[in-house]
Participant: 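Structure in structure tokens, see below.
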Amino acid sequence: MSHPPGEEGGGAEVASTVTEFVGEPVAGPSPAGPSSLRPPRLARHVIRLADGHRVQLAVSGRGVPLVVVHGFSAEGILYAQTLSRLVAMGFKVIAIDTAGHGGTAGLADGGGTLKGYAELLGRVVGALGIRGAVLAGHSMGGRLVVELAAREPQRAIAVLPVDAIVGGTWDRFVNVARVAPALLGGIGIALLVDSLSTLPVVRDPRQAAKLARLFAPVAAGHARRPLRLVAPGLSILRSGGSRWMLDRLGQDGVPVIVIHGDRDLGVPVQTAASAARWANGQLVVVHGATHSWLLKDPESLPAIVAELLRGRLGRAIGRALEAEGLDPATATLGAIERVLYEPGARVLELTPPLDDDPAGEAARRFGVVHRRGRRPEPRFRWTTLDHA
């Protein structure tokens with residue numbers, strides 16, 4: 001895969017790295033029945049780019065890179081349960097905290113629009129030595145990965161926006177909110193209601209307790225620095241429409257699979273339908289799901305991804321490997337990492353070793369699930385519609 005103009009490879013961007021092991025995040029319920037595959041450990045790191053910008057990320061796994069970007073006011077470690085399951089499917093998961101969130105410093109110019117946030121994300125991906133990746137993002141993170149892929153399509157094997165702030169309905173809302181900012185408060189209330197309902201206290205008290213442990217440090221960080229979210233919030237309001245980037249992805253043939261809950265009050269599912277249509281992509285409608293459904297049930301998104309790997313997503317990964325001279329049916333993890341990462345890529349150094357690999361390399365090649373025992377069934381059901 002080619003590099004953006006002026007780049008010789010991602011490694012030169014990193015000036016220094018500080019590693020912060022915070023212990024094993026909650027990895028969710030154990031598989032039902034005996035299993036020798038322990039939950040993968042995500043290691044959190046802080047790196048500094050060449051200009052000194054501090055960035056926090058979490059990484060684990062081997063194989064095809066899956067870059068995951070969180071939503072507004074969140075951070076990557078909140079998704080630890082879902083991320084550990086995606087690692088177990090054969091991905092190297094890299095969860096990056098965006099500017100002004102988690103351990104990542106805000107933008108020097110205070111934000112402006114989301115373009116600066118997407119540009120920083122691209123610099124981090126390059127600095128880590130990732131040549132091409134599946135790009136996934138939730139809410140604001142979905143907008144950022146869509147914009148990054150539109151501006152730098154060589155970085156994207158496929159794009160998975162999840163309840164993302166892209167599409168016609170969202171663009172119209174932002175246009176109106178510029179002249180009537182009170183509307184922004186309305187959507188804020190809707191997302192707050194959704195967040196308060198994220199902890200499944202009645203339905204699954206154990207899961208609620210695990211999520212609460214993940215939420216606690218995030219909430220404490222906001223309490224200490226409540227103003228740091230002003231810049232990204234204003235940047236969302238100031239950002240332009242998303243149609244140009246979705247159109248460009250469709251024209252460039254970048255596979256786009258839009259995943260969205262049909263009960264999302266803040267970012268309605270109608271906006272996802274237009275996003276999938278403009279990008280000539282697929283739409284996965286998650287039934288009964290609100291904005292933060294992937295936090296409510298860590299099993300559902302991995303189950304959706306497993307299904308997509310048997311279709312468009314799997315074909316996209318296969319084409320990316322074939323373009324690098326590999327046979328997807330026989331490529332080893334080592335061969336995959338040689339073509340999808342730069343030589344000596346920093347992200348390979350930051351990745352903790354997997355504790356166990358009982359399934360063998362062939363079963364973990366890219367997205368093939370194989371483990372003894374069973375995890376709980378996903379809570380949500382979904383329907384997939386093709387707009388290509």
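If you're wondering where the values come from, they're calculated on a predicted model, not measured in any experiment. The first residue in the sequence is number 1, and the count goes up from there.
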Participant: Using side chain to side chain donor-acceptor pair (under 3.5 Å), reason through Ser242 and Asp171 one step at a time and then give a plain yes or no.
Facilitator: CA-CA 7 Å; Ser242 60; Asp171 288 353; 3.0 Å; yes

Participant: Would you sort out whether Val258 and Gln282 count as a side chain to side chain contact (heavy atoms under 4.5 Å, CB included), showing the intermediate values?
Facilitator: CA-CA 6 Å; Val258 181; Gln282 281 184 317; over 6 Å; no

Participant: Output yes when a side-chain donor or acceptor of Arg312 lies under 3.5 Å from a complementary backbone atom of Leu308, and no otherwise.
Facilitator: no

Participant: Indicate yes or no for a side-chain donor-acceptor contact from Asp252 to the backbone of Val254 under 3.5 Å, with no hydrogens or angles considered.
Facilitator: no

Participant: For Ile47, is there any backbone N or O sitting under 3.5 Å from a side-chain donor or acceptor partner on Arg54?
Facilitator: no

Participant: Report yes if the side chains of Ile317 and Leu313 come closer than 4.5 Å at any heavy-atom pair, otherwise no.
Facilitator: yes

Participant: Can you check whether Val339's main-chain N or O pairs, donor with acceptor, with Arg131's side chain at less than 3.5 Å?
Facilitator: yes

Participant: Can you find a heavy atom in the side chain of Asp262 that is under 4.5 Å from one in the side chain of Val286?
Facilitator: no

Participant: Is the backbone N or O of Gln81 less than 3.5 Å from a side-chain atom of Ser84, with the two atoms forming a donor-acceptor pair by type?
Facilitator: yes

Participant: How far apart are the closest heavy atoms of Gly318 and Pro328, and which atoms are they?
Facilitator: O-CG, 3.5 Å

Participant: State, to 0.1 Å, how close Leu42 and Ala58 come at their nearest heavy-atom pair, and which atoms those are.
Facilitator: CD2-CB, 4.2 Å

Participant: Show your reasoning for whether side chain to side chain contact (heavy atoms under 4.5 Å, CB included) applies to Leu160 and Val134.
Facilitator: CA-CA 8 Å; Leu160 277 61; Val134 177; 3.9 Å; yes

Participant: Less than 3.5 Å apart, any donor N or O on the side chain of Lys115 or Ser235 sitting next to an acceptor on the other?
Facilitator: no

Participant: Can you see which heavy atom on Ser300 is nearest to which on Trp293, and at what distance?
Facilitator: CB-CZ3, 3.9 Å

Participant: Give the minimum heavy-atom separation between Thr169 and Ser274, together with the two atoms involved.
Facilitator: N-OG, 4.4 Å

Participant: What's the verdict on salt bridge (charged side-chain N to carboxylate O under 4.0 Å, His left out) for Arg379 and Glu299, showing C-alpha distance, side-chain angles and the deciding distance?
Facilitator: CA-CA 7 Å; Arg379 170 181 168 184; Glu299 307 294 343; over 6 Å; no

Participant: What's the verdict on side chain to side chain contact (heavy atoms under 4.5 Å, CB included) for Val256 and Trp278, showing C-alpha distance, side-chain angles and the deciding distance?
Facilitator: CA-CA 10 Å; Val256 177; Trp278 292 345; over 6 Å; no

Participant: Between His45 (side chain only) and Val59 (backbone N and O only), is there a donor and an acceptor less than 3.5 Å apart?
Facilitator: no

Participant: Could you point out which residue of Val347, Asp97, Ile96 forms a side chain to side chain contact (heavy atoms under 4.5 Å, CB included) with Val124?
Facilitator: Ile96

Participant: With rounding to the nearest 0.5 angstrom, report the CD1 to CG distance, Ile77 to Leu57.
Facilitator: 10.5 Å

Participant: Can a donor-acceptor pair be found, under 3.5 Å and without considering hydrogens, that links the side chain of His138 to the backbone of Asp163?
Facilitator: no

Participant: When you compare the side chain of Thr384 with that of Glu307, does any pair of heavy atoms fall below 4.5 Å?
Facilitator: yes

Participant: Is any side-chain heavy atom of Trp244 less than 4.5 Å from a side-chain heavy atom of Glu147?
Facilitator: yes

Participant: If you define the side chain from C-beta out and look only at heavy atoms, does anything of Arg143 sit under 4.5 Å from Pro161?
Facilitator: no

Participant: Can a donor-acceptor pair be found, under 3.5 Å and without considering hydrogens, that links the side chain of Ser292 to the backbone of Leu295?
Facilitator: no

Participant: If only atom types and distance count, is the side chain of Thr104 paired as donor or acceptor with the main-chain N or O of Val55 below 3.5 Å?
Facilitator: no

Participant: If you look at every heavy atom in Ser139 and Gly71, which pair is closest and at what distance?
Facilitator: CB-CA, 3.9 Å

Participant: So, does Thr271 use its side chain to make a donor-acceptor pair with the main chain of Pro268 at under 3.5 Å?
Facilitator: no

Participant: Could Arg123 and Glu119 be called an ion pair, given the rule that one side-chain N must be under 4.0 Å from one carboxylate O?
Facilitator: no

Participant: Ile259 versus Ile304: any side-chain heavy-atom pair under 4.5 Å?
Facilitator: yes

Participant: Answer yes or no: is there a side-chain heavy-atom contact under 4.5 Å between Glu75 and Arg44?
Facilitator: yes

Participant: Are any of the side-chain nitrogens in Arg62 or Glu337 under 4.0 Å away from the carboxylate oxygens of its partner?
Facilitator: yes

Participant: Go through the steps for Thr98 and His70 under the test side chain to side chain contact (heavy atoms under 4.5 Å, CB included), then give the verdict.
Facilitator: CA-CA 8 Å; Thr98 60; His70 58 80; 3.2 Å; yes

Participant: Does the side chain of Leu246 reach to within under 4.5 Å of the side chain of Arg277, using non-hydrogen atoms?
Facilitator: no

Participant: Angle between ring planes, His101 versus Phe72, binned at 30° and 60°: parallel, tilted or perpendicular?
Facilitator: perpendicular

Participant: Charged N to carboxylate O below 4.0 Å: is that the case for Glu322 and Arg319?
Facilitator: no

